[in-house]
Amino acid sequence: ISISLLLRSISADLLTILYLMTFYDENDKSNNALKNEFDIISSEYLHFVKKTLREDHELLTTLKINTPSLEEKEEWFREIASELIDENGKIISKKTIRRTTPDNQKKGLKNYGIFLTENEKFDRIKSYGFEDYGFIFIAFKYYSQFQHFTLMSKKYIEVKPFQDTYYMSLTLSYMLVVFDIALQICKSPNPNFSKEIEEINQKIIKHFA
């Protein structure tokens with residue numbers, strides 16, 4: 001199960017990478033759309049930090065553990081990402097973050113909610129030419145069945161080993177392909193990366209096909 005959860009995390013990250021790729025424009029040096037989506041992903045974590053800051057402080061105080069004051073922690077919180085936090089200490093919304101995103105990049109984007117869901121990412125990916133990578137979304141859903149124990153997940157575990165081997169090999173293969181694309185977009189200074197990635201991918205295909 002632990003391996004399945006690891007592969008779930010990998011699949012989720014691959015979805016995020018592909019999602020971000022849909023905002024990249026090689027003709028736009030500023031790439032505001034891409035930067036804004038990075039900020040939205042960062043803001044998701046800020047929401048978690050803000051929500052747990054007070055509870056964490058109260059717990060440490062109750063346990064009589066030496067810790068900075070709550071005011072100091074709140075000041076630290078405001079400083080770690082001042083561009084994403086307004087003067088009232090509130091995390092700015094998706095809509096505000098995307099104010100500099102070009103209109104032609106806003107198609108299908110949803111400004112409500114705190115988190116970007118995997119469904120949203122997948123819909124965007126399909127709409128922007130990455131529909132061939134649909135397996136990554138399927139793999140994410142598959143591995144998600146192992147996150148919590150249920151009677152149905154028990155039946156999943158008891159399925160023939162080929163099922164897991166099939167999903168595992170394809171997930172690793174797609175991971176390498178996505179990494180290769182990302183390195184090309186980032187203009188990696190090492191021209192051998194693509195060749196090395198392809199060699200590893202072919203070994204996976206040969207072994208599991």
Side-chain angles (χ1 to χ4, degrees), residues 1-24 33-34 36-49 51-52 93-94 97-98 101 105-185 197-198 200-209:
I1 292 179
S2 59
I3 293 177
S4 295
L5 294 180
L6 172 62
L7 291 171
R8 177 184 182 273
S9 297
I10 290 174
S11 299
D13 287 342
L14 294 178
L15 280 173
T16 300
I17 292 171
L18 288 171
Y19 173 81
L20 291 171
M21 283 182 188
T22 67
F23 293 92
Y24 175 75
L34 178 59
N36 290 342
E37 295 308 306
F38 269 113
D39 282 344
I40 286 175
I41 291 172
S42 295
S43 73
E44 294 178 356
Y45 182 72
L46 288 177
H47 279 284
F48 164 77
V49 174
K51 185 176 181 179
T52 59
S93 67
K94 289 180 183 177
I97 292 174
R98 287 173 173 153
T101 296
Q105 288 274 32
K106 291 182 179 180
K107 179 184 176 183
L109 296 180
K110 300 175 182 178
N111 287 320
Y112 55 81
I114 295 173
F115 300 101
L116 285 168
T117 67
E118 275 65 34
N119 285 332
E120 287 180 67
K121 294 174 185 176
F122 185 51
D123 287 342
R124 171 87 182 186
I125 288 167
K126 287 192 296 182
S127 300
Y128 279 78
F130 289 97
E131 57 273 355
D132 290 345
Y133 295 83
F135 171 79
I136 296 172
F137 181 68
I138 296 172
F140 171 80
K141 290 294 187 181
Y142 173 74
Y143 296 127
S144 295
Q145 306 311 309
F146 299 93
Q147 186 172 10
H148 303 289
F149 177 80
T150 65
L151 291 176
M152 189 54 65
S153 64
K154 178 177 180 294
K155 292 181 179 180
Y156 248 29
I157 294 171
E158 293 171 347
V159 170
K160 293 180 181 179
F162 171 77
Q163 183 84 347
D164 274 343
T165 303
Y166 170 77
Y167 274 86
M168 186 184 301
S169 59
L170 273 181
T171 301
L172 294 176
S173 179
Y174 273 92
M175 177 187 73
L176 292 169
V177 172
V178 172
F179 283 177
D180 187 24
I181 296 173
L183 287 171
Q184 290 181 46
I185 289 177
I197 288 174
E198 178 58 22
I200 296 172
N201 196 20
Q202 288 304 316
K203 288 181 181 178
I204 293 174
I205 294 173
K206 181 179 179 181
H207 187 73
F208 291 103

Any donor-acceptor N/O pair, S43 side chain to I40 backbone, under 3.5 Å:
yes
Candidates L109, L18, L20, L15 - the one meeting side-chain contact (heavy atoms from CB on, under 4.5 Å) with R124:
L109
Can you confirm whether T117 sits close enough to K110 that some side-chain heavy atom of one is under 4.5 Å from a side-chain heavy atom of the other?
no
As an exercise, state the distance from CE of M21 to OH of Y128, rounded to the nearest 0.5 Å.
16.0 Å
Counting neighbours of OH on Y24 that are heavy atoms of other residues, nucleotides or ligands and sit closer than 6.0 Å, is the number greater than 12?
yes
Where does the angle between the aromatic ring planes of Y167 and Y143 fall among parallel (under 30°), tilted (30 to 60°) and perpendicular (over 60°)?
perpendicular
Just how far is it from atom CG of L176 to atom CG of L14, taken to the nearest 0.5 Å?
9.5 Å
CD on E44 to NZ on K94, rounded to 0.5 Å:
7.0 Å
To the nearest 0.5 Å, what is the distance between CG on D39 and CZ on R98?
11.0 Å
Looking at side-chain heavy atoms only, is the closest gap between N201 and D180 below 4.5 Å?
no
Under the side-chain contact (heavy atoms from CB on, under 4.5 Å) criterion, do K141 and N119 qualify, and how do the steps go?
CA-CA 10 Å; K141 290 294 187 181; N119 285 332; 4.1 Å; yes
Polar side-chain atom of K121 near backbone of I17 as donor-acceptor pair, under 3.5 Å:
no
Report, as yes or no, whether the 6.0 Å neighbourhood of atom CZ on F48 holds more than 12 heavy atoms from other residues, nucleotides or ligands.
no
State, yes or no, whether a side-chain contact exists between M175 and L172 at a heavy-atom distance under 4.5 Å.
yes
Treating S11 as the side-chain partner and L7 as the backbone partner, does any N or O pair qualify as donor plus acceptor under 3.5 Å?
yes
So F122 and F137, would you call those rings parallel, tilted or perpendicular, with 30° and 60° as cut-offs?
parallel
CG-CD1 distance between N111 and I97, expressed to the nearest 0.5 angstrom
9.5 Å
Assert yes or no for the condition that the ring centre distance of Y19 to F23 is strictly below 6.0 Å.
yes
